[in-house]
Asker: 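Take a look at the following structure, please.
These numbers come from a predicted model, not from an experiment.
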Amino acid sequence: PGPFDLELVERIAAAPGTDVIAVIDQVTDLVDRSLVVADATGGHTRYRPHDPIPGYAEEQLDAAGERTLLRDRYVEEMAAIADDFIAEALERWSPDLIAAVVERFTHLMTAVEWALEDTGPERAYRLVLPLYGPIHGSRAAPVAALVRRVTERWDGRTVPLHAEVLAVGATALLLSGDLDGAFAFGHEAAHDPAGSPLARIFAHRTLGYVCAHRGDRATGLAHLDAALDAAAGFDAFRRELQVSWAAIVDDPTRHQEALNVAEAVAQAVEAQPDVVLFGLNEPMARALQTVEAIVHDLPPVVSVEVQTLA
């Protein structure tokens with residue numbers, strides 16, 4: 001499903017108990033035989049099979065009756081990796097963590113696809129959660145489409161993490177420009193009694209942005225107030241929401257507050273290109289620029305491409 005490193009080989013393809021040195025030797029042998037390509041960039045070595053190899057490997061797995069078993073192991077191991085990502089994210093979203101999730105993005109997406117064959121949504125839900133990180137770039141649309149498939153596959157309202165998955169979907173739909181879908185997902189997540197504070201933060205934030213875009217500032221601010229209530233103990237999210245609140249409120253003085261915060265953040269960190277934000281108006285766009293910086297510890301962009309929502 002994508003480039004892989006030795007950790008994935010050891011966790012998914014190697015027989016249980018295989019020594020890591022043996023794994024390295026086997027992968028090196030595949031490279032020497034020109035069956036696998038090694039790409040050493042950025043201090044990490046990743047591997048990918050030559051184009052004809054995956055099809056041949058699948059045929060061999062089918063012949064041995066092992067394809068379903070290996071797929072299940074892949075999904076299980078990727079779900080465990082997703083759990084590790086979330087455990088770290090609850091401590092702190094860091095640039096290193098986001099980079100790690102982005103590196104595993106294709107594998108997480110593939111694992112969700114394969115988990116759709118499960119009888120229940122538990123593994124798919126676990127796999128969806130870390131996809132929240134990569135959607136704050138160019139990956140919102142594919143994540144939104146995949147979360148739709150997950151929620152259409154199962155009802156899931158009595159399953160843990162249902163509200164959190166909806167909240168991730170709401171954010172992805174919002175960032176991909178589907179306001180109606182974002183509102184529907186956000187509304188259901190916000191009213192799920194089993195939802196965590198983070199689910200309520202993401203849900204009400206989405207509802208706030210959608211209502212503001214539709215011209216209903218009062219309801220938008222009420223949703224951001226609800227998000228602020230849920231964000232007690234999450235200082236980074238509170239700062240983000242306060243900036244967004246100031247950008248939405250019909251008060252030029254508060255708009256300037258939002259711009260001042262954005263400027264302060266911009267001066268404190270280096271610029272990072274290639275972040276695309278959805279746009280409501282200039283103050284909101286600047287507030288959302290600050291959202292990216294504060295929540296993910298990423299610097300805001302120097303120039304922001306503001307997309308116009310239909």
Side-chain angles (χ1 to χ4, degrees), residues 1-2 4 7-17 54-55 57-90 101 104-135 139-173 176 178 181-182 184-196 198-200 202-203:
F4 54 89
E7 179 191 2
L8 282 183
V9 175
E10 184 179 5
R11 295 182 69 153
I12 296 168
E58 289 181 356
E59 290 176 1
Q60 296 302 302
L61 287 171
D62 285 338
E66 297 178 355
R67 182 173 182 175
T68 299
L69 180 64
L70 192 60
R71 275 196 172 194
D72 184 72
R73 184 175 173 186
Y74 176 87
V75 172
E76 190 62 31
E77 289 297 334
M78 287 309 305
I81 290 171
D83 292 343
D84 292 340
F85 284 148
I86 294 304
E88 185 176 347
L90 290 174
V101 176
R104 295 278 195 259
F105 178 77
T106 300
H107 289 284
L108 289 167
M109 294 284 284
T110 300
V112 175
E113 291 265 3
W114 290 353
L116 288 170
E117 300 176 8
D118 290 356
T119 56
E122 289 81 2
R123 294 198 300 185
Y125 281 6
R126 291 160 60 198
L127 288 158
V128 162
L129 296 188
L131 294 175
Y132 171 81
I135 62 177
R139 298 174 176 85
V143 172
L146 191 58
V147 174
R148 276 194 180 280
R149 291 180 60 195
V150 169
T151 57
E152 290 169 357
R153 170 70 174 84
W154 298 284
D155 183 320
R157 276 176 280 190
T158 61
V159 179
L161 303 181
H162 178 66
E164 288 71 20
V165 168
L166 289 171
V168 171
T171 306
L173 288 161
S176 60
D178 184 351
F185 273 60
H187 185 270
E188 186 174 350
H191 291 85
D192 187 330
S196 66
L198 284 175
R200 294 196 297 275
F202 300 155

Asker: Start with the C-alpha distance between His107 and Tyr74, add both sets of side-chain angles, then the distance that settles side chain to side chain contact (heavy atoms under 4.5 Å, CB included), and finish with yes or no.
Answerer: CA-CA 9 Å; His107 289 284; Tyr74 176 87; 2.8 Å; yes
Asker: With a 3.5 Å distance limit and no angle check, can you tell me whether Arg123 reaches the backbone of Ala115 through a side-chain donor-acceptor pair?
Answerer: no
Asker: Identify the heavy atoms of Arg200 and Gly195 that sit nearest to each other, and give their distance.
Answerer: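 Smallest heavy-atom distance, with atoms named: NH1-O, 2.9 Å.
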Asker: Roughly how far apart are Arg157 CZ and Asp192 CG, rounded to 0.5 Å?
Answerer: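 If we round to the nearest 0.5 Å, Arg157:CZ and Asp192:CG are 9.5 Å apart.
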Asker: Check Gly169 against Val147 and note the closest heavy-atom contact, atom names and distance.
Answerer: CA-CG1, 3.7 Å
Asker: Can you list everything that forms a side-chain contact (heavy atoms from CB on, under 4.5 Å) with Glu117? Sequence neighbours excluded, please.
Answerer: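 In terms of side-chain contact (heavy atoms from CB on, under 4.5 Å), with neighbours along the sequence ignored, Glu117 is linked to Arg71.
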Asker: Using every non-hydrogen atom in the two residues, find where Pro130 and Val101 come nearest and quote the distance to one decimal.
Answerer: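 Distance-wise, the nearest heavy atoms are O-CG1, 3.3 Å.
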Asker: Among Leu129, Val128, Ile86, which one satisfies side-chain contact (heavy atoms from CB on, under 4.5 Å) with Leu161?
Answerer: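 The single option meeting the side-chain contact (heavy atoms from CB on, under 4.5 Å) with Leu161 is Leu129.
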Asker: Closest approach of Ala189 and Leu166, non-hydrogen atoms and distance?
Answerer: CB-CB, 3.7 Å
Asker: Any donor-acceptor pair under 3.5 Å linking the side chain of Arg153 with the backbone of Asp118?
Answerer: yes
Asker: Looking at every heavy atom in both Ile135 and Ala140, which two are closest together, and how far apart are they?
Answerer: O-CB, 3.7 Å
Asker: Are side-chain heavy atoms of Arg148 and Phe185 found at a separation under 4.5 Å?
Answerer: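 Yes. Closest side-chain heavy atoms under 4.5 Å.
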Asker: Taking side-chain contact (heavy atoms from CB on, under 4.5 Å) as the test, write out the residues that go with Arg104, two or more places apart.
Answerer: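 Once residues adjacent in sequence are excluded, the partners of Arg104 under the side-chain contact (heavy atoms from CB on, under 4.5 Å) criterion are Asp5, Glu7, Leu8, Met78, Ile81, Phe85, Leu108.
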Asker: Name all residues meeting the side chain to side chain donor-acceptor pair (under 3.5 Å) criterion together with His162; count only those two or more places apart in sequence or in a different chain, and write none if there are none.
Answerer: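 In terms of side chain to side chain donor-acceptor pair (under 3.5 Å), with neighbours along the sequence ignored, His162 is linked to Tyr125, Glu188.
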Asker: Using a 3.5 Å distance criterion without hydrogens, assess whether the side chain of Trp154 forms a donor-acceptor pair with backbone atoms of Thr119.
Answerer: yes
Asker: Do you know the tightest heavy-atom contact between Gly186 and Ala170?
Answerer: N-CB, 3.6 Å
Asker: Can you find a pair of side-chain heavy atoms, one from Asp72 and one from Trp114, that are under 4.5 Å apart?
Answerer: no
Asker: Any non-hydrogen side-chain atom of Leu127 less than 4.5 Å from a side-chain atom of Val75?
Answerer: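 Result yes, sub-4.5 Å side-chain heavy-atom pair found.
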Asker: Do Arg126 side-chain atoms and Asp83 backbone N/O form a donor-acceptor pair below 3.5 Å?
Answerer: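 It does not hold such a pair.
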